[in-house]
Structures are given as C-alpha cells and as structure tokens.
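Here the structure is laid out as structure tokens; the discussion comes afterwards.
Below, all heavy atoms of this structure are taken into account, side chains as well, without hydrogens, waters or symmetry copies.
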Amino acid sequence: MTAELARECVRYAQMGWMRGTSGNLSVVLQRDPLRLAVTVSGVDKGEITADDSVVIDVDGNAVDSPKVPSAEAALHARIANVSGAGAVVHVHALATVVAAEHWPDGVVLKDLEMLKGFGRYDHEEVVIPVVRNSQDMLELGDAFEKGFDPKVPALLVARHGVYVWGEDLMQARHRLECLEWLLRFKVETRDIFTGRHS
C-alpha cells in the first residue's frame, strides 16, 4: 500500500500538481479504530519512496512512529471518517485554486460530459464546495463537514488546493483528473458563458 502511495505521488508530481514537497495522499488501513497511511511531511513528491509514509489515527497523529505526517493529516482522517472513503488525495493543481478564487461560494458544474467521471449525468448540476483556507485542521474539518454532500467527493480550499476522495487511490485519481479538467474548462470559458455558468 505504501508503494502505491509513492507511485501516485510521483505521477502527480510529473503532472505538476505536487510541486516541491506540496500535497499529500492517504489510504485507509482499517476502520475501527480508524487508521490511515499518509505521506510524510517535507519530502519531494517526485522522489518519494515507499518508506515515506506513516500510520495515523482519527485525529491525524502518528501511531507508534517517530515520523512526522503531512500537516493536513488530520483533515485526511476527518474526510475518510465522515465520507467513508478508502483514499484521500490532496494536490495543488492550479485550475482548482483559480476556480475557487472566481467562485468562493462554490463552483457550479453542469452540462459537461466529464461529470460522468464523478458518477453523475452530464445534465446534473454539481456544486463543488469551497472553504476558506486555514492552518487549523480542526477548523478546516468543521468547514468540510458542514458542507459535506455524499454525492460530491471533492473539496476546494481557497488559495490552497483541492481534496478528492474515493474507494481507493485509483478512483480518487480518476475523479481528480476529471475535476481538474472540469474546473479548467470552467475557468477558461468564464467570459464566454457569463450569465450562464457564473
């Protein structure tokens, strides 16, 4: 499982979504009590290895390890606990940050074929929630939970990045790839569709 975390990080780094040491991934190891493997803090995601992960508890604290989990580990645990997800992905793809800047009350997506990547029909309206950035993971977790919709497996953090989750790392990645495309389309066509998609 830790090798899979490393492979996914390298993939995202090559896409430019995990620049430097930014971003983090997690997978659920067990539910009761909740345990996740999460990438450690301060490691270049393009050079990460299977050794660069740590097991955390429901509060984001390392379990029986001197390793330091990513700063956002507690939010990973909160998302996994509330949503029932098996994996959580956090990256800093530019389109996600720009979209949150333009639509701070939530990004409305509809009439787009790529929404099927979220398991939704293209004519359905989907609102991706946006929360204010904070260094306090409890505050971010409360904001996430307040706006949580089980049909929307994503959260935009203003001027920061995006969290996407799924049953496993592959489903989370597919959802993230589709969401990034959707948000890039939304941003790049905002002037064309003013009044229709704003």
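Under the 4.5 Å side-chain contact rule for hydrophobic residues, Val126 and Trp103 share a cluster. Note on Ile79 and Phe118: separate hydrophobic clusters, where clusters join Ile, Leu, Val, Met, Phe, Trp and Tyr whose side-chain heavy atoms are under 4.5 Å apart, directly or indirectly. Transitive grouping of hydrophobic side chains (ILVMFWY, heavy atoms separated by less than 4.5 Å) brings Leu176 and Leu109 into a common cluster. Connection of Tyr12 to Tyr163 is not established within any shared hydrophobic cluster, with ILVMFWY side chains joined at heavy-atom distances below 4.5 Å, either directly or through further cluster members. Hydrophobic clustering, with ILVMFWY side chains joined whenever heavy atoms are under 4.5 angstrom apart, keeps Leu75 apart from Val91.
Put simply, the side chain of Gln30 gets close to the backbone of Pro33: a donor and an acceptor are under 3.5 Å apart. Of the possible polar contacts, none joining the Ser26 side chain to the His76 backbone as a donor-acceptor pair under 3.5 Å is found. A donor-acceptor contact shorter than 3.5 Å links the side chain of Asp168 to the backbone of Met170. At least one donor-acceptor pair under 3.5 Å links the side chain of His90 to the backbone N or O of Val162. The main-chain N or O of Ser53 is found under 3.5 Å from a side-chain atom of Lys67 such that the two form a donor-acceptor pair.
At a threshold of 4.5 Å between non-hydrogen side-chain atoms, the residues Trp17 and Arg11 do not count as touching. No side-chain heavy atom of Lys45 sits less than 4.5 Å from a side-chain heavy atom of Ser22. Leu183 is listed as a side-chain neighbour of Leu156, based on a closest heavy-atom distance under 4.5 Å. Within the 4.5 Å cutoff, the side chain of His160 has heavy atoms near those of the Glu72 side chain. Proximity of Trp181 to Glu177: side-chain heavy atoms (C-beta onward) are nowhere separated by under 4.5 Å. With contacts defined as side-chain heavy-atom distances shorter than 4.5 Å, the pair Leu155/Phe148 does not qualify. In this structure, Val108 and Glu125 have side chains that are in contact, with non-hydrogen atoms separated by less than 4.5 Å. Under the 4.5 Å side-chain criterion, counting only non-hydrogen atoms from C-beta, Val130 is not in contact with Asp105.
For Phe144 and Trp165, the distance between ring centers is under 6.0 angstrom.
What you find for Val38 and Ala73 is that their closest heavy atoms are CG1-CB, 4.3 Å. When all heavy atoms of Ala74 and Met137 are compared, the pair lying nearest together is CB-CB, 3.8 Å. When all heavy atoms of Leu138 and Asp136 are compared, the pair lying nearest together is N-OD1, 2.9 Å. Looking at every heavy atom in both residues, Gly46 comes nearest to Val10 through O-CG2, 3.8 Å. Of all heavy-atom pairs between Gly60 and Ala77, the closest is N-CB, 4.3 Å. Minimum interatomic distance between Ala80 and Val28 (heavy atoms only, all atoms of both residues): CB-CG2, 3.9 Å.
Salt-bridge annotation for Arg78 and Glu145: present, with a side-chain N of the basic residue lying under 4.0 Å from a carboxylate O of the acidic one.
Between Glu101 and the choices Arg190, Lys186, Arg159, Arg132, the salt bridge (charged side-chain N to carboxylate O under 4.0 Å, His left out) rule is met once, by Arg159. Of the options Val40, Ile56, Asn61, Asn24, a side chain to side chain contact (heavy atoms under 4.5 Å, CB included) to Pro69 is made by Ile56 and by none of the others. Applying side chain to side chain contact (heavy atoms under 4.5 Å, CB included) to Cys9 and the options Thr49, Leu25, Asp44 leaves one that passes, Leu25.
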Item to check | From CA spacing to verdict: side-chain contact (heavy atoms from CB on, under 4.5 Å), Val89, Leu169 | outcome: CA-CA 8 Å; Val89 173; Leu169 283 169; 4.3 Å; yes
Next on the checklist: Does Leu36 form a side-chain contact (heavy atoms from CB on, under 4.5 Å) with Val27? I'd like the steps, not just the answer.
Outcome noted: CA-CA 5 Å; Leu36 298 87; Val27 289; over 6 Å; no
Next on the checklist: Could you walk me through whether His102 and Val98 satisfy the side-chain contact (heavy atoms from CB on, under 4.5 Å) test, starting with their C-alpha distance in whole Å, then the side-chain angles of each, then the deciding distance to 0.1 Å, before giving a yes or no?
Outcome noted: CA-CA 6 Å; His102 284 293; Val98 175; 3.6 Å; yes
Checklist entry - Checking side-chain contact (heavy atoms from CB on, under 4.5 Å) for the pair Val55/Leu29: CA distance, chi angles, key distance, verdict? => result CA-CA 8 Å; Val55 177; Leu29 302 176; 3.8 Å; yes
Next on the checklist: One pair to check against side chain to side chain donor-acceptor pair (under 3.5 Å): Arg19 and His92. What are the steps and the verdict?
Outcome noted: CA-CA 8 Å; Arg19 297 180 183 274; His92 295 182; over 6 Å; no
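Note that the CG atom of Leu112 and the SG atom of Cys178 stand 11.5 Å from one another [nearest 0.5 Å]. In this structure, Ile48 CD1 and Thr39 OG1 are separated by 5.0 Å, a value rounded to the nearest 0.5 Å. Summarising the geometry, atom CD belonging to Glu180 is positioned 9.0 Å from atom CG belonging to Leu94; distances are rounded to the nearest 0.5 Å.
For Glu167, the CD atom is loosely surrounded, since the number of other residues' heavy atoms within 6.0 Å does not exceed 12.
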